[in-house]
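Just so we're clear, the structure is a prediction, and the values are computed from it rather than from any experiment. We count ligands from 1, going down the list as the structure has it; atoms in each ligand are counted the same way.
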Amino acid sequence: METNSAPRKVKIGIIGGSGLDNPDILDNRREKHVDTPYGKPSDALILGDVAGVECVLLARHGRGHTVMPTNINFRANVHALKAEGCTHLVVTTACGSLREDIHPGDMVILDQFIDRTTKRAATFYDGNPGSPVGVCHLPMDTPFCPHIRKILINVCKELEIRHHESGTMVTIEGPRFSSRAESKMFRMWGGDVINMTTVPEVALAKEAGMCYAAVAMATDYDCWKEDPGHHVSVDAVLKVFKGNADKGIRIFKAAIPQIAQRDWTAVLEENRGLVTSSVIQPPS
Ligand code: ADE
């Protein structure tokens, strides 16, 4: 059916992981400190634009990397970005590689996750006063937005940045890294990369009706490999991620204008419909 209503305006939320929490990506920047019904986000929101497209940046661990994974208020982060008007979330995350052919420095455009977290609030529908009403059982067969993923993959190709078009992220609780037995088990399960933050962020974005995609940057080979020279350590993670943060910035600078060019009205409507149909309302 033809409609003559204007396309939905898009605003892009950017969540930067270790090494990409730097606001330089945005022009015309200003800080905004906000609160949410779920508490405070990890840091101030940085409002600005990328080539004229309105964006909001948030450092997932805080700008000084002071918030450890278990203590990240994922609900407040996603809620704050949604309340600021963001329709899309594009994020970066440092990760370990569980595959020989995913080299440190490679980008992985995630398409699936395995949840090994244990201590995180993973839904907005928590039954508390002030939270949305009902119980939400959201389908999670397609956690990451296929439309943004396509744009990110094309941009990586155009920029000739080594990347993998799909990948399953295993998110562990941390803060410790995995034992070798765990690392080998995650490989057997079909995990391609491993981190501490994709879950519950991706699921909360979906509950919020947003389009979410993640560029995961491999920084190490976790610890499954016999060659200990490539094993994970804080030093290795920070060195590789900082050294490669410019790749993430180049990808986002090219992808964001392309995201903004599309008409997202139908996709956003479909996202909203999925959430509405997934909530069991209390009897009236
Ligand atoms: N972040 C970066 N490398 C990681 C690893 N090997 N395990 C968990 N999180 C990570």
Side-chain angles (χ1 to χ4, degrees), residues 15-22 42 58-72 74 77 90-120 122 143-144 161-164 166-203 213-249 251:
I15 302 182
S18 329
L20 210 144
D21 38 18
N22 174 340
S42 300
L58 176 59
R60 185 184 289 115
H61 297 272
R63 278 171 288 179
H65 203 103
T66 48
V67 189
M68 75 159 187
T70 300
N71 292 344
I72 293 172
F74 290 97
N77 286 357
V90 288
V91 313
T92 59
T93 174
C95 63
S97 167
L98 298 171
R99 300 283 156 211
E100 189 76 57
D101 68 323
I102 301 179
H103 304 168
D106 284 4
M107 307 289 145
V108 183
I109 313 303
L110 300 179
D111 69 327
Q112 286 293 326
F113 68 78
I114 295 173
D115 181 6
R116 289 275 298 175
T117 67
T118 55
K119 302 191 183 104
R120 304 179 184 191
F144 299 88
I161 289 175
R162 246 188 85 93
H163 67 285
H164 303 264
S166 60
T168 296
M169 177 64 81
V170 179
T171 300
I172 58 172
E173 184 60 49
R176 68 167 176 84
F177 292 118
S178 304
S179 68
R180 183 160 306 123
E182 287 169 333
S183 192
K184 288 184 172 174
M185 177 183 72
F186 297 145
R187 278 164 55 76
M188 288 193 281
W189 283 2
D192 298 307
V193 279
I194 180 163
N195 76 350
M196 301 180 192
T197 55
T198 294
V199 186
E201 192 174 89
V202 58
V215 176
M217 184 189 287
T219 52
D220 56 84
Y221 274 115
D222 202 39
C223 65
W224 57 271
K225 242 168 116 77
E226 294 310 321
D227 169 11
H230 287 102
H231 282 181
V232 63
S233 66
V234 168
D235 206 35
V237 170
L238 292 181
K239 226 182 246 158
V240 176
F241 210 88
K242 285 218 167 73
N244 286 283
D246 70 301
K247 284 188 203 163
I249 292 174
I251 293 169

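Contacts classified as ring pair (Phe, Tyr, Trp, His ring centres under 6.0 Å) and involving residues 92-111 (residues at least two apart or in different chains) are not found. Under the salt bridge (Lys or Arg N to Asp or Glu O under 4.0 Å) criterion, the residue pairs touching residues 175-191 are Arg176-Glu182, Lys184-Glu226, with sequence neighbours excluded.
A donor-acceptor pair is defined here as one N or O able to donate and one able to accept, closer than 3.5 Å; no such pair exists between the side chain of Trp224 and the backbone of Met185. Of the possible donor and acceptor atoms, one in the side chain of Lys247 sits under 3.5 Å from a partner among the backbone N and O of Gly105.
Contact detail for Glu201 and Thr197: the closest heavy-atom pair is CB-O, 3.7 Å.
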Ligand 1: protein N/O within less than 3.5 Å of ligand N/O:
unit_1   : atom_1 : unit_2 : atom_2 : d
ligand 1 : 3 (N)  : Gly96  : N      : 3.2
ligand 1 : 3 (N)  : Asp220 : OD2    : 2.7
ligand 1 : 6 (N)  : Asp220 : OD1    : 3.0
ligand 1 : 6 (N)  : Asp222 : OD1    : 2.7

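Asp220 is linked by a salt bridge (Lys or Arg N to Asp or Glu O under 4.0 Å) to nothing, counting only residues two or more places apart in sequence or in another chain.
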